[in-house]
Amino acid sequence: MQEASKKEAKRIGFAMVGGLVIGLAIHALGQGEWVSYVKPLGDIFIRLLKMVIVPLVFSSIFMSMTNLGTPEALGSMGRKAVAYYFMTTVIAVLFGLILVNIINPGVGADLGTAGLQALEGDMAVAVSEKKGLYETILGVLINSVPTNPAEALAGANILQIIVFAIFMGIVALYTKEKAKPVVALMEGLEEMTLKLTHGIMRFAPIGIFVLMMDVMAKSGTDAIISLSKYILTVVVGLTCHAIFLLFVASVRLKQSPLYIIKGVSAPLLTAFSTSSSAATLPITMTAVEENLGVRKDTAKFVLPLGATINMDGTALYESVAAIFIAQAYSIHLTIGQQVVIFMTASLAAIGAAAIPGAGLITMSIVLGAVGLPLEGIGLILAVDRLLDMFRTTVNVFGDAVGTIVVDSFLKTDEIGQKEEVNQELTN
Ligand code: ASP
């Protein structure tokens, strides 16, 4: 890991702890409005990160396609990435289900004191528009194809941008000479957006400090206390999954867990304070390439895809939340219903957008699938922002580890192919 990255991670770490302590102090003093004077700095930080996403995703995926050289190479990488995403998401949900059945956080929970909140505004609309699982997954698939690429870019629809960039990158391979200016343009754009990301990272300590302070100053301690068993279940589950991912990454990278944590500390802390995998994407990209030695072409393709569809933390959270709600309402769930929760939570996470609070909205799919009351979401609303920080961190870690794993398998494949060629030559 480079010296500059180490310093940067340290600064962000201090900023986060500082924001946490000062935010809690402001909360204790009951002066939450103080934060509003500096909050714009946090908002600007998130906006700056978002500013880079569209040009970065488009140019990175495009360049990754042209560098890969053949659609077959893309297929091989894509299959590995999707297999990894699927397996780790399923494992995450299993961790959640096992823990929630052991800890039983909702048994005996008093709906009154736990702070059942009425769903209001956008949340109420989003939940009432609930769709079935099949509809959601099919919707993700159909909507991944843009009808108007300009609209996809303007609306920052990452999945549509990925699909368009894949097509354009492959077509560039076949267009050869005439595509050269476009390839050069994309190469330049990619370099520029990465430089811009580095620039924005200088501002990260201030942005993260303010964001953390804001969340802490506004956090409702009453809700945290009455839902502590539920919070504990989610956090312990996420921790178990993170340890599992860390183990996988260490084995594949043949490096110590500490080395890996240090390498991705900047994106993890950014994810924690922004609660958005999408906003964190530019930082995750630079971290895995520069600190963990993942090859650029792998990171460029696997990470944007992961940030959009791979959400281990969200899947785990949704399974725990659904069972917690059932327990709180004293609704007995059969094994069959728990299996439905297992499947829907794994798939609903794919449909969740990489933005704050998205997981809570796709919760309605899980609850609806087993007939649990949608108002149950009101029960966990008060602590959702807090838990979003934890689950987004695991989402981003899952994406980073996915990139490490896919890259290591691709390297093994390449070595195998080279050995085959050598053997043929010597025969
Ligand atoms: N905030 C999460 C993310 O961006 C999604 C969620 O709400 O679970 O990864």
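Just so you know, ligand 1 is whichever comes first in the structure, and atom 1 is the first atom listed for that ligand. What you see below is based on every heavy atom in this structure, not just the backbone, and it leaves out hydrogens, waters and symmetry mates. Residue numbers run from 1 in the order of the sequence given.
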Tell me which pairs pass ring-ring contact (aromatic ring centres under 6.0 Å, His included) where either residue lies in residues 290-318, with sequence neighbours left out.
none
Close N or O approach (Met311, ligand 1; < 3.5 Å)
no
Please list, in number order, the atoms of ligand 1 under 4.0 Å from a heavy atom of Gly359.
6 (C), 7 (O), 8 (O)
Do Ala278 and ligand 1 have an N or O pair less than 3.5 Å apart?
no
Salt bridge Arg391-Asp384, side-chain N to carboxylate O under 4.0 Å:
yes
Sub-4.0 Å atoms of ligand 1 with respect to non-hydrogen atoms of Ala353:
5 (C)
Report, in ascending order of atom number, the atoms of ligand 1 lying under 4.0 Å from any heavy atom of Asn395.
2 (C), 3 (C), 9 (O)
Return the closest protein heavy atom for atom 1 (N) of ligand 1 as residue, atom name and distance.
Asp388 OD1, 2.8 Å
Considering only heavy atoms of Gly357, which atoms of ligand 1 have at least one such atom less than 4.0 Å away?
7 (O)
Please say whether Ala358 places an N or O atom under 3.5 Å from an N or O atom belonging to ligand 1.
yes
Would you call Lys300-Asp297 a salt bridge at under 4.0 Å N-O?
yes
Would you find a donor on one side and an acceptor on the other, under 3.5 Å apart, between the side chain of Thr392 and the backbone of Met389?
no
Could you list which atoms of ligand 1 come closer than 4.0 Å to a heavy atom of Ser277?
3 (C), 4 (O), 9 (O)
Is the distance between the ring centroids of Phe14 and Phe209 less than 6.0 Å?
no
Side chain to side chain donor-acceptor pair (under 3.5 Å): pairs with one or both residues in residues 90-101, sequence neighbours excluded
Asn101-Gln338
Of all the atoms in ligand 1, which lie at a distance below 4.0 Å from a heavy atom belonging to Ser276?
4 (O)
Part of Val396 with heavy atoms under 4.0 Å of ligand 1, whether side chain, backbone, both or neither
neither
Contact atoms of ligand 1, heavy-atom distance to Ser275 under 4.0 Å
1 (N), 4 (O)
Do Val163 and Pro146 come close enough that some side-chain heavy atom pair is under 4.5 Å?
yes
re atom 2 (C) of ligand 1, the protein heavy-atom contact at minimum distance is Thr392 OG1, 3.3 Å
With a cut-off of 4.0 Å, which atoms of ligand 1 are near a heavy atom of Thr314?
5 (C), 6 (C), 8 (O)
Check this for me, if you would: do Asp43 and Arg47 make a salt bridge, where the nitrogen-to-carboxylate-oxygen distance has to be below 4.0 angstrom?
no
Exactly one candidate in Lys411, Lys80, Met77 meets side chain to side chain contact (heavy atoms under 4.5 Å, CB included) with Thr298; the answer is Met77
